[in-house]
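Given the structure is predicted, the values throughout are model-derived calculations rather than measurements. In what follows, every chain begins at residue 1, and chains take the letters A, B, ... in the order their sequences are listed.
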There are 2 protein chains.
Amino acid sequence: MPPMPSPRPLERVAGAHDAAVLAIARRGEPVSRAELAEALAVTPQAISKILARLMERGLMAEAGTLVLGPGKPTTLYRVVPTSRRAIGLHLTRRRLHGVVVDLTGEIIERREQEIGAPPPIPELIPALAAQARELAAQGPGELLGVGLGMPGPVDWPAGVYRGTSTPDPWRGAPIRALLAAELGLPVLLDHDSRAALVGEAWSQPDLLRNAALLLVEDGLGAALSLEGTTVRGAHFQAGEVGHTVVRMDGAACTCGRRGCAQAEYHAALAAGDEAAAARVLATVVLDLVRTVDVDRVILGGRTVYAQHETSMDAIRTALHEGFAAEPWVHVEVMLSTRGTDLIAVGAACQVLEHEYGLPQALVGPG
Amino acid sequence: MPPMPSPRPLERVAGAHDAAVLAIARRGEPVSRAELAEALAVTPQAISKILARLMERGLMAEAGTLVLGPGKPTTLYRVVPTSRRAIGLHLTRRRLHGVVVDLTGEIIERREQEIGAPPPIPELIPALAAQARELAAQGPGELLGVGLGMPGPVDWPAGVYRGTSTPDPWRGAPIRALLAAELGLPVLLDHDSRAALVGEAWSQPDLLRNAALLLVEDGLGAALSLEGTTVRGAHFQAGEVGHTVVRMDGAACTCGRRGCAQAEYHAALAAGDEAAAARVLATVVLDLVRTVDVDRVILGGRTVYAQHETSMDAIRTALHEGFAAEPWVHVEVMLSTRGTDLIAVGAACQVLEHEYGLPQALVGPG
DNA sequence: GACGTATCGCAACAGCGTTGCATTACTCTG
DNA sequence: CAGAGTAATGCAACGCTGTTGCGATACGTC
């Protein structure tokens, strides 16, 4: 996306408040001015002005009244899901999966498409654009843009896919710019696991202040939400836990080193030892929780769906044992609410987040 | 500290800008209005008002002029280090170490005191208070409060030391409230490693947007600064990497599990194999960098000082090899600038940070 | 139907940064 | 050594934010 003129300080206040109201309303239940005033620590009168702005933009609407006792009934407000749309694409080496979602992140329509071998960029971009255009034809609401999630490292500000060490036809391709030019729409390119976490967080904003999402697809990836912000990292690859060492001098990994979580996981699966594989996952999660101290862990990815009971049990047991001496630590382990659409939905939600999410900085050209 | 009335939204803007200016000025070199306007993305005129507020409070002062070419010379501004003071205490089972620092985090005076065995709380609190009072007598400037850093888990909002599983006379003690009552000063209680990182970040604000500090004292601890905020975690124990598993089924740990980093580290040291110990440290750092993607790692703690060359070399080598396939990843490994005062200074800086740091929340009763 | 109550809206206000323009203090030119 | 050019600064009016005070509205209760 082109760099915008940085908003004026007072616009940032207004924007932050608008985003906060939207975040609360997104949970689904109609809200009253009083609740919002409480949550934002402003006067009800300020909420009136904030809601006026949001209704002006069509993002929110009145939703009836509620009589609680004597006095004038409370007016309730809700988001207007159909007011905006975003497209999310999930690209892997084998598949192209896309969705359109409404403002609340609910799926309007989905597309799935197998791609034989990774096509070269000049073929890939039109294929992505074609699916995006099909999806763009669906549903009402202003179309905000396209989010694209893919595995592997990404140069986020540049929108360039960095690629892996193996021969990779997409390596170094400025995918974001190419797709944006092709479609004439804003495009956001990010990591698959980060997209997935943003997607989960979009529909349950305050639950995931400190959460980790573990994505088990071909590789092992994670994303972190800490103190309310989804961490991107200095090199835009925070959460790449696949090559974290869980057994020094252990199984050889494709990366040339030994005992990487990913290598141990696949070695165990190859040996048919599902329990051992689950134990590796559990160790990764335990280390993750110890390191960043999240209170929620979300499991996602095609590979875990098959044996999610085993994995979740192993993880819960490991957490229980590992924190036995620290009874104040409670970690909720849950399965992604989005199934196999997880990453595509997340990619779409990144667009929503970009437009209507809480800004992270109150100061500077953020 | 008592809950303050949450600042009005516009005061939050002013406060954030004041803090941002202070953060830039803290780097040491005098700054001009133009630089500040650039950094904060506001007009020079706004900087005039911000500086007027800061000079009113005695936090900043003019620092001469600079002639660059034709036109009126630029007026320069700097912080007034002597305008404020904070006390920092570092409490371990064996030692009580304290400092007073000025507004820039420079040490005015230090005290160190051995304590035979961990005294019971009714003796501990007066001992802490006595050292704090001695330190409070030193140096000019308004005394803001006392920071206390200690190893082991802490219930941060409650100011309660949670203690370890071993018999622990301090377990569950509301140390913050007790000390605050004794001294009649605000007290902040936090983790030793987090304090250390806050201390490092206070004197080099923008360098440590994504950084990890590894503290090797009796145990192994870390603290994380991600996207500019020092992570506290859902249970206020983020960075507790000591019991992270680096060798599944490895050396037995005091925690009852196997292959914890701390256990492997001490096992290697006990066997006299410093190289192996350094490799364990290196693995911890590598996993940390993979997981949270920091671009700076700071080493601190009494134990590393003895053999910091070996440790740093092992870490640098491991990072170099581990990220060989990702040439865009550069991680700076450095030694703490504070020596053994690291944690005491950090605890003091937490008070400064609390008062004059950038607010993390834009909205709500933050 | 009058009263108490809670919500809501209008209008005036304070404080933030912005804008436009005058002032100041320097260098450079002739 | 004036006078022009230049860049930083200050003053005043302004727009926008949320706040405050008060009146209007709509409900339940007596």
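- No hydrogens or angles considered: a donor-acceptor pair under 3.5 Å links the side chains of S203(B) and R338(B).
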Per-nucleotide protein contact string for nucleotides 23-30 of chain C, where B marks a base within reach and S marks sugar-phosphate only (heavy atoms under 4.0 Å, - for neither): -BBBS---

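- The side chain of T75(A) contributes no N or O atom lying less than 4.0 Å from OP1 or OP2 of dT7(C).
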All N/O pairs under 3.5 Å across the protein-nucleotides 16-21 of chain C interface:
unit_1, atom_1, unit_2, atom_2, d
dG17(C), OP1, H17(B), ND1, 2.8
dG17(C), OP2, R53(B), NH1, 3.3
dG17(C), N7, K49(B), NZ, 3.2
dT18(C), OP2, T43(B), N, 2.8
dT18(C), OP2, T43(B), OG1, 2.5
dT18(C), O4, K49(B), NZ, 3.3
dT19(C), OP1, R8(A), NH2, 3.0

Side chain to side chain contact (heavy atoms under 4.5 Å, CB included) assessment of V101(B) paired with E106(B): CA-CA 5 Å; V101(B) 305; E106(B) 287 307 303; 6.0 Å; no

Steps toward side chain to side chain contact (heavy atoms under 4.5 Å, CB included) verdict (V21(A), M60(A)): CA-CA 10 Å; V21(A) 166; M60(A) 294 196 66; 3.8 Å; yes

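- Between the side chain of E142(A) and the backbone N or O of S83(A) there is no donor-acceptor pair closer than 3.5 Å.
- A salt bridge does not link R85(B) to D102(B): none of the charged nitrogens lies less than 4.0 Å from a carboxylate oxygen.
- Between D190(B) and R232(B), at least one side-chain N (NZ, or NE/NH1/NH2) sits under 4.0 Å from a carboxylate O, which counts as a salt bridge.
- A donor and an acceptor atom, one from each side chain of R84(A) and Y356(A), are located under 3.5 Å apart.
- Remark: P of dC27(D) and CG of L76(A) are 14 Å apart, rounded to the nearest angstrom.
- Atom P of nucleotide dA26(D) and atom CG of L68(A) are separated by 17 Å, given to the nearest angstrom.
- Ion pairing of D206(B) with R27(B) is present here, as a side-chain N (NZ or NE/NH1/NH2) and a carboxylate O approach within less than 4.0 Å.
- In the model, T337(A) has a side-chain atom that pairs as donor or acceptor with a side-chain atom of E200(A) under 3.5 Å.
- Rounded to an integer number of Å, the gap from L66(A) CG to dC8(C) C1' is 15 Å.
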Identify each atom pair where a protein N or O and an N or O of nucleotides 1-3 of chain D are less than 3.5 Å apart, giving names and distance.
none

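- Within 4.0 Å of S32(A), counting heavy atoms only, lies no atom of the nucleic acid at all.
- One atom, CD of E35(A), and another, C1' of dC8(C), lie 16 Å apart when rounded to the nearest Å.
- A 4.5 Å side-chain heavy-atom check between V31(B) and L76(B) finds every atom pair outside the cut-off.
- For the pair R194(B)/L213(B), no side-chain contact is recorded, criterion being any heavy-atom separation below 4.5 Å from C-beta on.
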